> 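One structure coming up, written as structure tokens, with questions to follow.
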Amino acid sequence: MTRLRLGPLLRYVDGDGGGTATVWVEADRPSAAEVRCGDGAYGTSRTFHIAGHHYALIPVTGLTPGTDTPYEVLLDDQRVWPPEDSPFPPSTIRTPAVPAAELRVSFGSCRWASPPHDEPDPIGPDALDALATRIAGDPAAARPDVLLLLGDQVYADETSKATRRRLAGRRDLSEPPGAEVADYEEYTHLYDESWSAPAVRWLLSTVPSCMIFDDHDLVDDWNTSAAWLADMREKPWWQERVLGGLMSYWVYQHLGNLSPVELAADKLYAAVRAEPDGTELLRRFASEADRDPACARWSYRRDFGRTRLLMVDSRAARVLAERDRAMLDEAEARWVRDQVLDGRSSENGGADARGPYDHLLIGTSLPWLLPPFIHDVESWDSALCGGERGPRWARFGERLRRAADLEHWAAFPRSFEELTALIAEAGSGPDAPATVCVLSGDVHHAYVAEPSWTAGGGPDARVAQLTCSPVHNSIPGYMKLGFRFGWSGPARRLGHALVRHGRVVRSSVNWRKTGGPWFGNQLMTLTLHGRSAGLRLEQARAPRRAPESGRTPGRTPGSKLVTVQESSLTP
């Protein structure tokens, strides 16, 4: 009998009431994969083969708008999901009504896989586990319409004890890359570990998800600088690592980000499915994408009624040549601009002449607006590395850049200003959206920041940087102090001094913190209704429980999400 190895993951659900969805699965052998829904909606696809693994992305059609439909997964006509002994409610596909009353978008980043339930969890409860517990306890209650996972879905360079044991069974961990993953097969272990926990597996089967990578999906500081990349390419294990990382990202994360129409037009996807074994095709693609980032686009756009989501790749699309540094290559930047402004112009004017969306969400793993002192340090360091103060300072700047992870939007000043100008343009004029929100993670804490334009005026939309991280990770105490200090008055003055030393042109925006910083395992949720927007931050908390004599230490089940902040973002 064919078994379900991983999944199902509910990925795409049509946000405009088109009645389509996609469901991702991994089987243990070649098979026909099917999704059958309670209302008669249906989808089928043959698995495709990559490096000894068998996957399918099943397009489901015929869904009724405004319904919550249970579904089953079958492999070779045998039901494999839900399990017979599942403690969870049926997995469902919830399709929006037309027009949708409201949209709930939950997001976060940076998730270490939780240890088994009989082992202690030193970093506290997992926010995804807590979300699953809440939804399973009351399936009729409000839940996210989409879950945005903004990077570091897996950690290739920080593996768990269980993964290290598996790696040691394959190779000698005393040889580089040691306890880090080395190739595609080892990446599959990471996804197994991350997505197989029962509650999280069920959650991902019933809440649609959009994903984008960050550095730890490959390695810490991925694409920090041209010098960093040159050094990595000298390491004998790096080539196999980067190929395995990009190949597995394409299979496990990227394909599910695409709509059925985009999948039908994707030449690589068609070619891989047409081959008995698509490994070499995908390997060549990954090699080309590593060598020339402009040949692959990982960014994508999703529309949910009158909300537009633009997920922007802020890792693989970088231009690293020191004098030409950019977060996005020229073609990628042009594509992002086109998606932001698509349909914004109106020929008629008047109350009904608004553009195609009421809210613009820009998802990028790295925050656009950092604590001001950290922003100034990154801008100063970029100027040093570019030679503004001479070769000795340039060498110091490169060492500092790598040691302190100075590689956010602020470390690419031209790209920072281009994104700032694009946000102002998108948020201005008679057809402007009500809000423009930049959704980010990476920095292992949460905060809200709002900009003001130094030249006066500014966009008509309310603009906010919403940062939420981690979903399940930790942060050292000294970094908490550093992030708090980064917003302070003395830190701003020190940052200004560094900017003067680096001869950095001052930014076109200032910004202030309007919420946070908050530390803990957490998720943010935007609730969008018409042209109004509300924000909620929730943290995962373990229930209080009296110690039991003689009990083996382990995790306390039943973690829950606790609201720590609610606010309005309506202009």
Side-chain angles (χ1 to χ4, degrees), residues 6 9 11-12 22 24-26 30 45-59 151 153-154 156 181-191 210-219 222-223 229 232-233 235 237-301 311-320 328-336 365:
L6 190 60
L9 275 72
R11 296 303 313 274
Y12 175 92
T22 61
W24 181 97
V25 297
E26 181 180 356
S45 179
R46 290 291 306 179
T47 57
F48 60 91
H49 178 215
I50 300 293
H53 294 258
H54 308 278
Y55 310 95
L57 188 60
I58 308 162
Q153 276 66 264
V154 293
V181 300
D183 57 21
Y184 183 89
E185 179 61 29
E186 294 180 4
Y187 266 101
T188 69
H189 299 333
L190 295 185
Y191 285 103
C210 296
M211 306 181 188
I212 197 72
F213 47 35
D214 199 23
D215 56 345
H216 290 282
D217 288 88
L218 270 84
V219 70
W222 178 30
N223 283 346
L229 185 58
M232 293 300 290
R233 285 176 170 168
K235 299 181 185 298
W237 53 268
W238 172 247
Q239 179 68 6
E240 204 57 42
R241 166 75 151 274
V242 73
L243 293 183
L246 293 176
M247 290 169 66
S248 61
Y249 177 78
W250 185 87
V251 171
Y252 286 83
Q253 298 191 52
H254 177 69
L255 284 179
N257 294 328
L258 306 180
S259 70
V261 172
E262 291 169 317
L263 287 168
D266 191 298
K267 295 180 179 178
L268 176 61
Y269 182 55
V272 165
R273 295 179 67 211
E275 292 289 332
D277 185 344
T279 306
E280 285 307 312
L281 284 174
L282 184 55
R283 186 178 176 86
R284 285 199 296 271
F285 165 79
S287 180
E288 291 169 4
D290 174 52
R291 185 174 61 253
D292 179 14
C295 76
R297 177 174 298 127
W298 305 108
S299 301
Y300 59 96
R301 166 182 146 187
M311 292 284 266
V312 178
D313 162 24
S314 52
R315 279 291 171 186
R318 296 178 175 189
V319 177
L320 298 178
L328 308 175
D329 64 59
E330 185 177 347
E332 187 95 358
R334 185 168 55 250
W335 182 87
V336 168
S365 62

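Fair warning: this is a prediction, and the values are worked out from it, not measured in the lab. Hydrogens, waters and symmetry mates are skipped; everything else that's a heavy atom, side chains included, is used.
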> If you look at every heavy atom in Asp266 and Leu268, which pair is closest and at what distance?
OD1-N, 3.1 Å

> Heavy-atom distance under 4.5 Å between the side chains of Leu190 and Glu186, does that happen here?
no

> Keeping the roles fixed (side chain from Gln253, backbone from Ser248), state whether a donor-acceptor pair exists under 3.5 Å.
no

> Inspect the contact between Glu240 and Lys235 and indicate whether a charged nitrogen and a carboxylate oxygen are less than 4.0 angstrom apart.
no

> Please round to the nearest 0.5 Å and tell me the distance separating atom NE2 of His254 and atom OG of Ser299.
9.5 Å

> What heavy-atom pair brings Met247 and Ala286 nearest, and what distance separates the two atoms?
CG-CB, 3.7 Å

> Applying ring pair (Phe, Tyr, Trp, His ring centres under 6.0 Å), run through Trp24 and Phe48 and close with a yes or a no.
CA-CA 12 Å; Trp24 181 97; Phe48 60 91; 8.8 Å; no

> Below 4.5 Å, heavy atoms only, C-beta onward: do Cys210 and Tyr300 meet side chain to side chain?
yes

> Could you tell me whether the side chain of Asn257 and the main chain of Met211 form a donor-acceptor pair under 3.5 Å?
yes

> What's the spacing between Phe285 CZ and Tyr269 OH if we round to 0.5 Å?
14.5 Å

> What heavy-atom pair brings Ala156 and Arg241 nearest, and what distance separates the two atoms?
O-NH2, 3.6 Å

> Taking C-beta and beyond as the side chain, do Thr22 and Pro260 meet within less than 4.5 Å on heavy atoms?
yes

> Flag the pair Leu263 / Tyr12 as yes when at least one side-chain heavy-atom distance between them is below 4.5 Å, and no otherwise.
no

> Is the shortest heavy-atom distance from the side chain of Arg283 to the side chain of Tyr184 under 4.5 Å?
no

> Checking ring pair (Phe, Tyr, Trp, His ring centres under 6.0 Å) between Tyr252 and each of Phe213, Tyr55, Tyr187, which is the one that passes?
Tyr55

> Applying salt bridge (charged side-chain N to carboxylate O under 4.0 Å, His left out) between Asp290 and each of Arg284, Arg315, Arg233, report the one that passes.
Arg233

> Donor-acceptor pair, distance only, cut-off 3.5 Å: does the side chain of Thr47 make one with the backbone of Ala56?
no

> Measuring from atom CG of Leu328 to atom CG of Asp313, what distance do you get when rounded to the nearest 0.5 angstrom?
7.5 Å

> Can you tell me how far CD of Gln153 sits from CD1 of Ile212, rounded to the nearest 0.5 angstrom?
9.0 Å

> Specify the closest pair of heavy atoms between Pro59 and Ser45, including all atoms of both residues, with the distance to one decimal.
CD-CB, 4.4 Å

> Between Glu332 and Arg297, is any pair of side-chain heavy atoms under 4.5 Å apart?
yes

> For Glu330, does the CD atom have more than 12 heavy-atom neighbours from other residues, nucleotides or ligands under 6.0 Å away?
no

> When rounded to the nearest 0.5 angstrom, what distance separates CG in Asp329 from CZ in Arg318?
12.5 Å

> Are any of the side-chain heavy atoms of Met232 and Trp237 separated by less than 4.5 Å?
yes

> Heavy atoms only: give me the nearest Leu229-Trp238 pair and the separation to one decimal.
CD1-NE1, 4.5 Å

> To the closest 0.5 Å, what do you measure between OG1 (Thr279) and NE2 (His53)?
9.5 Å

> Do His49 and Glu275 get their side chains close enough for a donor-acceptor pair, meaning under 3.5 Å?
no

> Considering non-hydrogen atoms only, spot the tightest contact between Pro30 and Arg46 and give its length.
C-NH2, 4.1 Å

> Are Leu282 and Val251 side-chain neighbours, meaning at least one heavy-atom pair lies under 4.5 Å?
yes

